[in-house]
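Working notes, beginning with the structure itself.
Just so you know, these numbers come straight off a predicted model, no measurement behind them.
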Amino acid sequence: MEDVFSEKDLLCPQCSGSYIYPLLLKCGHNICRLCLQTFWESKGCRECPVCGALSVPGRPPINLQLKIAAEEYQRQKAVTCPEVCGLHNEKLQVFCENDQEVICLVCQTSKSHRIHQCRPVEEAAEQKKKEITAKLEKFKKNLKVLNKRREKWEETKSFILTQTQQSEATIREEFEKLRVFLQVEEESRLTLLRQEGDVKRGVLSEKIQDIQNQIQTVAALVDDIEAALSQKDLQFLQNYKQIKKRTKDSIKEPMCVRDILIDSAKHVGILKCEVWKKMATIVKSAPITFDPNTAQSNLCFSDELTSVRYGGKRSVPDNPERCVNRVCVLGTPGFSSGRHTWTVDVGWGRDWYVGVARESIQRKTTGFLEPAEGFWVIGRTDGDSYWAQTPTRTRLVVKQKPERITMELDYGRGKVVFINNTDMTVMHTFKDKFTEKIFAFFSPGLYEEGKVSSPVTICAQTINVSMT
């Protein structure tokens with residue numbers, strides 16, 4: 001391009017700036033499109049601004065080669081002289097708010113920017129820097145939040161691996177207990193079967209030996225009688241008295257042996273059901289269990305998640321379900337209909353709360369344990385006072401210290417009943433309207449001024465195995 005056009009050739013004769021969309025007139029002159037339109041409108045005729053020659057009707061074509069050369073010239077000028085206008089070779093002193101670009105004073109008075117809002121570069125730069133700085137601070141805050149969230153997610157990812165390994169170990173341990181039980185039960189039943197088989201085979205062995213002796217005796221008698229019958233008459237009669245005496249011996253019929261076969265019905269009849277019944281004596285069944293994903297970080301659980309106590313602080317992720325505002329844990333599953341019952345062993349705990357809570361309780365901020373906040377609970381404080389957490393807190397009259405408390409939830413009727421299992425008296429009844437999922441709520445306390453942790457345990461239910 002530089003070999004074809006000189007720097008002078010790239011300047012519009014009308015505005016003296018670099019060509020912008022140069023139009024080629026019939027006379028051979030090139031004029032910026034905007035400059036030509038402005039000139040023709042002011043003159044009222046279509047003549048060349050350079051030589052005055054009239055242009056043919058229609059729109060003059062764009063000189064594409066000159067346009068490309070002019071744009072390249074402007075790019076190079078912007079690189080070599082960033083503070084100079086590529087169109088007018090003037091110093092850039094003004095910022096156009098409308099086009100968001102820096103222009104020179106000639107550009108400001110041109111038709112392109114004449115009616116635009118413009119400000120000095122220094123003033124515009126100060127204002128724009130404040131604007132971008134505010135956005136920068138926002139992005140820095142966003143970046144901080146994102147980094148913090150990433151760290152939490154990395155911790156959660158590691159915690160999930162730990163949870164998986166711990167749960168896998170527990171599953172293997174529990175199944176090993178079941179395998180040991182089944183193996184012992186199998187050996188016990190096989191031993192009983194073999195013992196019965198040995199005893200009954202022994203009985204039959206004795207019977208077989210007795211009948212074998214009888215066979216030998218009778219066979220010998222038959223042989224003797226047959227020999228006597230083959231003798232001559234005189235000899236036969238001489239031996240007749242002895243032979244007749246021997247034939248008077250009665251032959252006992254073999255006794256019928258009853259119940260000599262293996263009692264298969266006892267050993268293999270409904271075998272699975274019988275083993276299941278026995279297994280029910282070692283398997284615990286709880287209507288609900290603790291959900292460790294909702295537990296405050298100082299709570300520790302038994303392997304089967306049926307007992308909880310206050311312990312040392314654990315490293316756990318602050319997931320949305322976790323309660324951090326108080327030392328508590330929710331049960332699982334939640335209930336959104338029906339009637340449900342479970343019993344809790346509070347033992348010798350001096351400070352505890354048990355009851356139910358709705359799903360939307362505040363888990364990250366401290367609130368009040370009352371129905372308005374989504375809690376329907378009772379508790380023990382200071383070792384000897386029992387309270388129902390009503391809006392004004394109701395003191396409960398307890399005749400006998402409750403060690404086990406049964407909770408009856410009737411979702412449809414909006415009732416939660418607390419029963420003292422020691423004397424089977426109703427401690428308190430909440431009545432309300434439930435509109436969302438309800439979960440069992442537990443808050444174990446401390447004992448002996450915090451020296452010993454007091455566990456709260458969900459009591460196992462009896463498993464009934466029956467056949468219909």
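Distance CZ/Phe418 to CD1/Ile405: 8.0 Å, rounded to 0.5 Å. The OG atom of Ser167 sits 11.5 Å away from the CD1 atom of Ile160 when rounded to the nearest 0.5 Å. Annotation: the span from Ile62 atom CD1 to Asn30 atom CG amounts to 11.5 Å, rounded to 0.5 Å. Atom-to-atom distance recorded for Trp276:CH2 and Ile270:CD1 is 12.0 Å, nearest 0.5 angstrom. A distance of 6.0 Å separates CZ in Phe441 from CZ in Arg326, rounded to the nearest 0.5 Å. Rounded to the nearest 0.5 Å, atoms CD (Glu370) and CZ (Arg393) are 12.0 Å apart.
Within 6.0 Å of atom CD1 in Ile132, more than 12 heavy atoms from other residues, nucleotides or ligands are found, so the atom counts as buried in its surroundings. When the shell of 6.0 Å around NZ of Lys364 is examined, it contains more than 12 heavy atoms from other residues, nucleotides or ligands. Arg339 CZ: 12 or fewer foreign heavy atoms inside a 6.0 Å radius. The number of heavy-atom neighbours closer than 6.0 Å to CZ of Arg413, taken from other residues, nucleotides and ligands shown, is 12 or below. Within a 6.0 Å radius of NZ in Lys128, other residues, nucleotides and ligands contribute more than 12 heavy atoms.
No donor-acceptor pair under 3.5 Å is formed between the side chain of Arg189 and the backbone N or O of Val268. Side chain of Glu436 to backbone of Glu359: a donor-acceptor contact under 3.5 angstrom is found. With hydrogens and angles ignored, the 3.5 Å screen pairs a side-chain donor or acceptor of Thr294 with a backbone N or O of Leu330. Put simply, the side chain of Gln100 gets close to the backbone of Glu97: a donor and an acceptor are under 3.5 Å apart. Using modelled atom types, one side-chain atom of Arg322 and one backbone atom of Ala295 make a donor-acceptor pair closer than 3.5 Å. Of the possible donor and acceptor atoms, none in the side chain of Thr425 sits under 3.5 Å from a partner among the backbone N and O of Asn420. Of the possible polar contacts, one joining the Thr156 side chain to the Lys152 backbone as a donor-acceptor pair under 3.5 Å is found. Side-chain atoms of Ser302 come within 3.5 Å of backbone N or O of Ser307 as a donor-acceptor pair. In this structure, the side chain of Arg363 does not engage the main chain of Val324 through any donor-acceptor pair within 3.5 Å. The backbone N or O of Ile20 lies less than 3.5 Å from no partner atom in the side chain of Arg33, so there is not a single donor-acceptor pair.
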For Asn63 and Tyr19, run side-chain contact (heavy atoms from CB on, under 4.5 Å): C-alpha distance rounded to whole Å, both residues' side-chain angles, the deciding distance at 0.1 Å, then the answer.
CA-CA 10 Å; Asn63 189 334; Tyr19 281 114; over 6 Å; no
Worked verdict on Val346 versus Arg380 for side-chain contact (heavy atoms from CB on, under 4.5 Å):
CA-CA 10 Å; Val346 295; Arg380 182 184 186 187; over 6 Å; no
Pair Glu176, Arg172 - check side-chain contact (heavy atoms from CB on, under 4.5 Å), show working.
CA-CA 6 Å; Glu176 183 60 28; Arg172 291 184 183 280; over 6 Å; no
Steps toward side-chain contact (heavy atoms from CB on, under 4.5 Å) verdict (Val121, Leu92)
CA-CA 8 Å; Val121 167; Leu92 300 173; 5.6 Å; no
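Minimum interatomic distance between Val329 and Asp291 (heavy atoms only, all atoms of both residues): CG2-O, 3.3 Å. Residues Ser297 and Lys313 approach most closely at OG-NZ, 2.8 Å, considering heavy atoms. Listed here is the closest heavy atom pair of Gly355 and Trp342: O-CZ2, 4.3 Å. Here the shortest heavy-atom pairing between Pro455 and Arg309 reads CA-CB, 3.9 Å. Of all heavy-atom pairs spanning Val356 and Ile438, the tightest one is CB-CG2, 3.6 Å. The two residues Cys300 and Gly311 make their nearest non-hydrogen contact at SG-CA, 4.0 Å.
Within the 4.5 Å cutoff, the side chain of Leu10 has heavy atoms near those of the Leu66 side chain. You'll find the side chain of Met424 reaches within 4.5 Å of the side chain of Ile419, heavy atoms only. Residues Gln163 and Asn293 form a side-chain contact, since some pair of their non-hydrogen atoms from C-beta on lies under 4.5 Å apart. With contacts defined as side-chain heavy-atom distances shorter than 4.5 Å, the pair Thr38/Gln14 does not qualify. Between Glu174 and Thr170 there is a side-chain heavy-atom pair separated by less than 4.5 Å. Inter-residue side-chain proximity for Phe159 and Glu155 is flagged as unmet; no heavy-atom pair is nearer than 4.5 Å. Using a 4.5 Å cut-off on side-chain heavy atoms (C-beta onward), Val50 and Ile31 make contact. Considering only heavy atoms from C-beta on, Gln389 comes within 4.5 Å of Tyr353 through its side chain.
Comment: Glu126 does not engage Lys129 in a salt bridge, judged by the lack of any side-chain N to carboxylate O separation of less than 4.0 angstrom. Ion pairing between a basic and an acidic side chain is recognised when a charged N comes within 4.0 Å of a carboxylate O; Lys266 and Glu274 show no such pairing.
Judged by distance alone, the side chains of Thr306 and Thr289 never bring a donor and an acceptor atom under 3.5 Å apart.
Below 30°, between 30° and 60°, or above 60°: for Phe290 and Phe301 the angle between ring planes is between 30° and 60°, a tilted geometry. Ring planes of Tyr411 and Phe434: tilted class, angle from 30 to 60°.
Remark: Lys67 qualifies as a cation-pi partner of Tyr21 under the 6.0 Å distance and 45° angle criteria applied to the six-membered ring.
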